[in-house]
Amino acid sequence: MKTFEELGVCESIRKAIEELGFVNPMPVQEAVIPYLLGNENDVIALAQTGTGKTAAFGIPLLERIDTSKRYTQALVLSPTRELCLQIADDLRDFAKYLDGVHVEAVYGGAAIEPQMRALKKGVEIIVATPGRLVDLMHRGFAHLEQVTNIVLDEADEMLNMGFSDSINEIFESLSDKHHTLMFSATMSKEVERVAKKYLHDYKEIVVGSRNEGAESVNHIYYMVNAKDKYLALKRIVDFYPRIFAIIFCRTKIETQEVADKLIKDGYNAESLHGDLSQQQRDLTMQKFRNHLTQLLVATDVAARGLDVDDLTHVINFGLPDDIESYTHRSGRTGRAGKKGTSISIVHSREKFKIRNIEKIICKEFVKAEIPSAEEICKKQLYKVMDQIVKTDVDDEEIAPFMQDINRYFEYIDKEELIKKIVSREFGKFLAYYAEAPEIEAVVPEKKGKKPQTDKQKLQNKAQKGYRRLFINLGKRDGFYPGELMQTLNRFVGGRQEVGHIDLLDSISYFEVPEKDAKKVMIQLTGIRHKGKTVRCNDADEGGKPTEGKGGGKPKRQKKDNWRELMGKAPRELKGKEPDFSEEGWAMRKPRKKKK
């Protein structure tokens, strides 16, 4: 293993990184640093999150800065405010003994005036989120004409978040003499497209394999019915008493719901999503980094840039739609050479996603059984006993009270005392699991069964207690699970419970509890989504609809009712919430058709 000196790192930077605890370079640093110091080529580096990428591009970046010139010479783009701040802090730490190097972080969600003042004074390195940087360019405070090196960190995630236009505008502002460095966990088609457009004569440096999962991460999945997902989550968390984890959810609403349930059930948990203010997000992440919070329930975007070296688990409360997101999620754990575990709680119809991910990350998932009540209680009991045995006793501090303590427990048998202590510490688990709800077993799929075709999805039946509904919106309409949940919560009211979801190109199927089915169909039918009139039917009883075709009389009737409700409401109802109850719909007569 080489040293930083052998890689060609200057003495001033070596002194700073040694104080930070860097002893030997990590694989990505050993591969990238000497190449960047000795070559002027563009570079694409593929390496997992948490493998030391910031130092890999940050150290060569600092080495190339001409401190005699007070203008922006290097630019680092990152997808989120949190990652932006973290990179800026790391670069300042690396540059501790370099005179005349100024690093400034510019990002959205914060006042722009202090950032404008800092740029006006002159900075050598800007670390920025794309949107805020473009804003500062338009205001005349960010000048990129002299930039010689630009870094795109987490390039795949920036493109997933829709920053393509901003990135294009930033590149158009650079001179022809700049060099581009792209760092990414996965090589997606979007990353390849940007590479072909903006990188010239580039070298691809791969640490591990393309799109490979982190070596130190184990991948486990539990298969349950949709209605049992939260119960399964509780058992998994209880089975690992010393768990320190991020629980990933697909939507902001689901994130808040899961966090609220965990808090209500006595777990040390908090939520992190886009609906929180920046101050709330900063406080939540600070508490999590300091281990004051044990479980962080988060969306993918909110958790970007949250680097915690000793995270024990990542839990996927349902798999993401794209494999790149799974790679980023699992990369949160197993960092800095430590072991980590990525757990996925999946529905039986998501098994094909597991197989697809396995092929891309070159790792095999282990199917595990939901821990039994007895197994969980044993684990928790051992934790309590271990805590008691390892408790440090300050003899001097407790000495004045020992006489009274001994007198109080004089007539209590030692075995009886131990039972009382353990029962006090362990009682809540015994009480809960004595009458814990059962998690129904999922019928395993037949070996070699292929993923369902669209035709097969049309014939699926809802799970017990649920009704399967059809809606004439699909992926082509930008209709994904998050959009479905937002639509339901907006038009149905409250937080609608949803079971399994099947998305096709232009139609979708989803399950809701039997008692809510009529209400959901009535309230969704006739609304508009991106210019398209929505139709929602019972998938089993309302015939077998085909993609893109009309639904006949029921659609026209409900569409007319909707228009009559919105356009011809009596004066006393103007500005008020419409009546979506069954009785309310029954009272509305359809508009007469022209002869």
Side-chain angles (χ1 to χ4, degrees), residues 50 213-224 228-249 255 258-259 261-272 287-298 303 306-319 326 329-346 354 363-390 422 425-434 436-439:
E215 280 295 325
S216 54
V217 178
N218 299 317
H219 301 267
I220 298 172
Y221 74 96
Y222 295 90
M223 191 172 291
V224 298
D228 292 328
K229 284 176 70 175
Y230 178 71
L231 292 176
L233 174 65
K234 281 188 63 174
R235 291 201 175 206
I236 292 165
V237 170
D238 289 343
F239 188 66
Y240 297 100
R242 292 178 177 81
I243 191 171
F244 178 53
I246 299 178
I247 301 168
F248 282 103
C249 296
T255 298
V258 171
K261 286 180 179 178
L262 287 170
I263 294 168
K264 184 181 177 182
D265 289 339
Y267 295 90
N268 182 5
E270 289 204 35
S271 63
L272 183 68
K287 288 169 67 177
F288 188 62
R289 285 193 181 100
N290 293 335
H291 288 235
L292 299 176
T293 301
Q294 185 181 16
L295 302 172
L296 183 68
V297 190
L306 180 60
D307 289 332
V308 183
D309 290 338
D310 44 1
L311 205 67
T312 63
H313 294 75
V314 162
I315 300 177
N316 300 286
F317 194 74
L319 291 170
Y326 178 84
R329 288 181 179 187
S330 60
R332 300 286 107 195
T333 186
R335 303 162 74 91
K338 296 180 181 178
K339 290 288 184 182
T341 301
S342 176
I343 293 174
S344 299
I345 304 172
V346 302
I354 294 287
K363 291 219 173 245
E364 189 173 340
F365 278 69
V366 175
K367 183 181 179 182
E369 298 297 326
I370 296 293
S372 66
E374 184 180 356
E375 290 172 328
I376 292 169
C377 288
K378 280 183 180 179
K379 279 283 192 91
Q380 291 291 339
L381 179 58
Y382 292 150
K383 175 195 171 187
V384 171
M385 293 189 297
D386 194 50
Q387 286 176 332
I388 293 172
V389 170
K390 290 183 178 179
V422 172
E425 296 294 322
F426 183 57
K428 72 170 185 175
F429 284 99
L430 288 174
Y432 173 77
Y433 283 106
E438 288 297 323
I439 296 178

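Since this is a predicted model, take the numbers as computed values, not measurements.
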Participant: Please determine whether side-chain contact (heavy atoms from CB on, under 4.5 Å) holds for the pair I246 and L311, giving the CA-CA distance in whole Å, both sets of side-chain angles, and the decisive distance to 0.1 Å.
Facilitator: CA-CA 8 Å; I246 299 178; L311 205 67; 3.9 Å; yes
Participant: Got H313 and T333 here, is their nearest side-chain heavy-atom distance under 4.5 Å?
Facilitator: no
Participant: Quick one: OG1 on T293 to CG on L272, what's the gap to the nearest 0.5 Å?
Facilitator: 10.5 Å
Participant: Heavy atoms, side chains only, cut-off 4.5 Å: are F317 and T255 in contact?
Facilitator: no
Participant: Report yes if some heavy atom in the side chain of K378 is under 4.5 Å from a heavy atom in the side chain of E374; otherwise report no.
Facilitator: yes
Participant: Under a 3.5 Å distance rule, please check whether Q380 uses its side chain to pair with a backbone N or O of D238 as donor and acceptor.
Facilitator: yes
Participant: Quick one: are L262 and I247 in side-chain contact, heavy atoms under 4.5 Å?
Facilitator: yes
Participant: Which value, rounded to the nearest 0.5 Å, describes the distance between E369 atom CD and I439 atom CD1?
Facilitator: 11.0 Å
Participant: Compare every heavy atom of S344 with every heavy atom of N316, then report the nearest pair and how far apart it is.
Facilitator: ND2-OG, 3.1 Å
Participant: Identify the heavy atoms of Q294 and P241 that sit nearest to each other, and give their distance.
Facilitator: NE2-O, 3.6 Å
Participant: Looking at D265, I376, I243, which hits side-chain contact (heavy atoms from CB on, under 4.5 Å) with V237?
Facilitator: I243
Participant: Does K287 reach the main-chain N or O of L292 with its side chain, forming a donor-acceptor pair under 3.5 Å?
Facilitator: no
Participant: What distance separates I345 CD1 from M223 CE, expressed to the nearest 0.5 Å?
Facilitator: 12.5 Å
Participant: Minimum heavy-atom separation for V258 and Y230, please, with both atom names.
Facilitator: O-CE1, 4.3 Å
Participant: What distance do S342 atom OG and K363 atom NZ have between them, rounded to the nearest 0.5 Å?
Facilitator: 11.0 Å
Participant: I want to check something: taking the side chain as every heavy atom from C-beta on, are H291 and F244 in contact at a cut-off of under 4.5 Å?
Facilitator: yes
Participant: Are any non-hydrogen side-chain atoms of L319 and I354 less than 4.5 angstrom apart?
Facilitator: yes
Participant: Can you tell me how far CZ of R289 sits from CG of L296, rounded to the nearest 0.5 angstrom?
Facilitator: 10.0 Å
Participant: Sort out for me which residue in I343, D228, I315 forms a side-chain contact (heavy atoms from CB on, under 4.5 Å) with Y222.
Facilitator: I343
Participant: Counting the benzene-type ring for Trp, do Y326 and Y221 have ring centres under 6.0 Å apart?
Facilitator: no
